[in-house]
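Scroll down for the structure; my scribbles are underneath it.
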Amino acid sequence: QVQLVESGGGLVQAGGSLRLSCAASGRTFNNYVMAWFRQAPGKEREFVAAITWSGSSTKYADSVKGRFTISRDNAKNTVYLQMNSLKPEDTAAYYCAARSGSYLSTDRRGYNYWGQGTQVTVSS
C-alpha cells in the first residue's frame, strides 16, 4: 500500500513562510516524479511544482516561480515545498502526488498516487 502523508500546513500572515513535507511509504520512490498541487474552495486542483527523482529538473507554476522551492531527500523518501513571500491567494489545500518516470507533468491526471492534503491559510 503506497502512502503519501503531507504535513507542515497552517495559518500564516501574508509575506510569511511555510515548509510543507510529504513522506512516502510503501515502496521505494526511485525513478518517480514527485509533485505538489493545490486546490482552493470552489476551484479545480492546480499544479504547483514538480521534481524528478534525481532532483536535477524541476518545474513550477508561473504563479509561484521565485517564491516556492521544491526539493527531495530520497534517503528519507520525502519531498518538500518551501513557500516564501506567501500571499492570500496561496490559500488552499496542498496535495503531494507521485508518478513513475521522469516526465514533469503538470496535469493531475498524470499522477497515480496522492496524499490527503494539508491546509495552508494566508491571512492579509
Side-chain angles (χ1 to χ4, degrees):
Q1 184 76 15
V2 173
Q3 281 195 317
L4 300 177
V5 180
E6 303 95 336
S7 61
L11 174 64
V12 64
Q13 289 189 331
S17 298
L18 281 175
R19 188 176 83 153
L20 306 183
S21 299
C22 172
S25 62
R27 67 168 300 137
T28 301
F29 279 81
N30 290 348
N31 203 36
Y32 269 69
V33 165
M34 302 294 291
W36 289 95
F37 286 75
R38 67 185 181 185
Q39 188 167 18
K43 295 189 176 182
E44 295 207 348
R45 192 168 298 189
E46 65 175 5
F47 171 78
V48 176
I51 187 168
T52 54
W53 166 70
S54 66
S56 61
S57 294
T58 57
K59 184 179 286 186
Y60 295 92
D62 288 343
S63 59
V64 307
K65 275 181 185 175
R67 300 189 298 122
F68 291 10
T69 302
I70 189 170
S71 62
R72 65 192 294 169
D73 184 339
N74 289 333
K76 297 181 179 179
N77 262 4
T78 300
V79 63
Y80 305 97
L81 185 68
Q82 178 67 44
M83 306 186 295
N84 299 328
S85 303
L86 282 161
K87 304 175 181 180
E89 51 263 44
D90 295 317
T91 295
Y94 283 71
Y95 297 88
C96 178
R99 58 167 284 146
S100 63
S102 59
Y103 177 60
L104 295 173
S105 176
T106 62
D107 187 341
R108 65 183 188 276
R109 295 169 296 181
Y111 289 83
N112 309 97
Y113 304 108
W114 291 88
Q116 292 301 306
T118 185
Q119 179 66 35
V120 172
T121 303
V122 184
S123 64
S124 58

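Positions are given from 1, in the same order as the sequence printed here.
The OH atom of Tyr32 sits 6.5 Å away from atom CG of Asn112, with the distance rounded to the nearest 0.5 Å. Note that the OG atom of Ser54 and the CG atom of Asn31 stand 9.5 Å from one another [nearest 0.5 Å]. Arg109 contributes atom CZ, which lies 12.0 Å from atom CZ of Arg99 (distance to the nearest 0.5 angstrom).
Evaluation of the ring-ring contact (aromatic ring centres under 6.0 Å, His included) rule for Trp53 yields no partner, not counting sequence neighbours. Partners of Ala93 according to the side-chain contact (heavy atoms from CB on, under 4.5 Å) rule, which considers only residues two or more places apart in sequence or in another chain, are Tyr95, Gln119.
Taking the six-membered ring where the residue is Trp, Phe47 and Phe37 present perpendicular rings, their angle passing 60° and hence far from 30°.
Looking only at side-chain heavy atoms (C-beta outward), Cys96 and Trp114 stay at 4.5 Å or farther from each other. Two residues are said to be in side-chain contact when any heavy atoms from C-beta on lie closer than 4.5 Å; Met34 and Leu4 meet this criterion. Residues Phe68 and Leu81 form a side-chain contact, since some pair of their non-hydrogen atoms from C-beta on lies under 4.5 Å apart. Between Met83 and Val48, the closest side-chain pair of non-hydrogen atoms is not below 4.5 Å.
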Checklist entry - What's the verdict on side chain to side chain contact (heavy atoms under 4.5 Å, CB included) for Leu104 and Thr58, showing C-alpha distance, side-chain angles and the deciding distance? => result CA-CA 7 Å; Leu104 295 173; Thr58 57; 5.5 Å; no
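Side-chain polar atoms of Arg38 and Tyr94 form a donor-acceptor pair below 3.5 angstrom.
The minimum heavy-atom distance linking Ser105 with Asp107 is given by the pair OG-N, 3.1 Å.
Residue pairs meeting the salt bridge (charged side-chain N to carboxylate O under 4.0 Å, His left out) criterion with at least one partner in residues 48-64, sequence neighbours excluded, are Asp62-Lys65. Residue pairs meeting the salt bridge (charged side-chain N to carboxylate O under 4.0 Å, His left out) criterion with at least one member in residues 67-89, sequence neighbours excluded, are Arg67-Asp90.
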Output side-chain donor-acceptor pairs under 3.5 Å for residues 8-26, partner residues at least two apart or in another chain, one line each.
{"from": "Ser17", "atom 1": "OG", "to": "Asn84", "atom 2": "OD1", "distance (Å)": "2.9"}

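Using a distance-only test at 3.5 Å, with no hydrogens or angles considered, a donor-acceptor pair links the side chain of Glu6 to the main chain of Gly117.
Residue Tyr111 is not grouped with residue Ile51 when hydrophobic side chains (ILVMFWY) are merged at heavy-atom distances under 4.5 angstrom, including chains of intermediate members. Under a hydrophobic clustering in which Ile, Leu, Val, Met, Phe, Trp and Tyr are joined whenever their side-chain heavy atoms come within less than 4.5 Å, directly or via other members, Leu86 and Trp36 fall into the same cluster.
If you chain together ILVMFWY residues whose side-chain heavy atoms come under 4.5 Å of each other, Tyr80 ends up in a group of its own.
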